[in-house]
Amino acid sequence: MTTILTFIIPALIVVLLSLPLVNVFKGKVTAKSAKMRLGTHICGFFGAVALVLFLTYANSPVLAAGADKMTGSIAQGLGFIGAALATGLSALGAGIAVAAAAPAAIGAFSENAENFGKSLIFVALGEGVAIYGLLISILIINTL
């Protein structure tokens, strides 16, 4: 019974958090509706976090099913969180950098074809930030 709950509850949470995005992908969203959907997602995220914390501290059989098999320390868990943050935040920063540099590079290239090499360097520098974050996370995981 617990193996079924271990699969069904997270799947149900993912479906419930994804349902408000259906109309967004279909393109049927106004600005007011988008703000409401953002609020729904934020509330849903914190609700899911609260549910996980409640099930963890209530000694629920759903989350206790694999607890006897877990090994490791708190320091190792924090190391994995640090590696995830290094990768995620560097990818977010790289996305912001490329979002600013790529349209400027396309504009410079459309005006003068000789600007291609110069503008490509700025786009590559933005993408390099994500690679550096990935390398840092690999180094963190190798030390665990």
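Note that the structure is predicted; figures quoted are calculated from it, not measured. Heads up: numbering here begins at 1 and tracks the sequence. FYI, side chains are in, hydrogens and waters are out, and symmetry mates aren't considered; it's all heavy atoms of this structure.
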When the side chains of residues 84-97 are checked against the rest of the protein, which donor-acceptor pairs come out under 3.5 Å, sequence neighbours left out?
| unit_1 | atom_1 | unit_2 | atom_2 | d |
| --- | --- | --- | --- | --- |
| Thr87 | OG1 | Ala83 | O | 3.1 |
| Thr87 | OG1 | Ser137 | OG | 2.8 |
| Ser90 | OG | Ala86 | O | 2.8 |
| Ser90 | OG | Thr87 | O | 3.0 |

Atom CD1 of Ile74: over 12 foreign heavy atoms under 6.0 Å: no
Crowding at OH, Tyr132 (>12 non-hydrogen neighbours, <6.0 Å): no
List, one per line, each side-chain donor-acceptor pair under 3.5 Å for residues 115-126, sequence neighbours excluded.
| unit_1 | atom_1 | unit_2 | atom_2 | d |
| --- | --- | --- | --- | --- |
| Ser119 | OG | Asn115 | O | 2.9 |
| Ser119 | OG | Phe116 | O | 3.1 |

Ser110: partners by side-chain contact (heavy atoms from CB on, under 4.5 Å), with sequence neighbours left out: none
CD-CD1 distance between Gln76 and Ile81, expressed to the nearest 0.5 angstrom: 11.5 Å
Closest approach of Glu127 to Val98 (non-hydrogen atoms, all atoms of both residues): CG-CG2, 3.6 Å
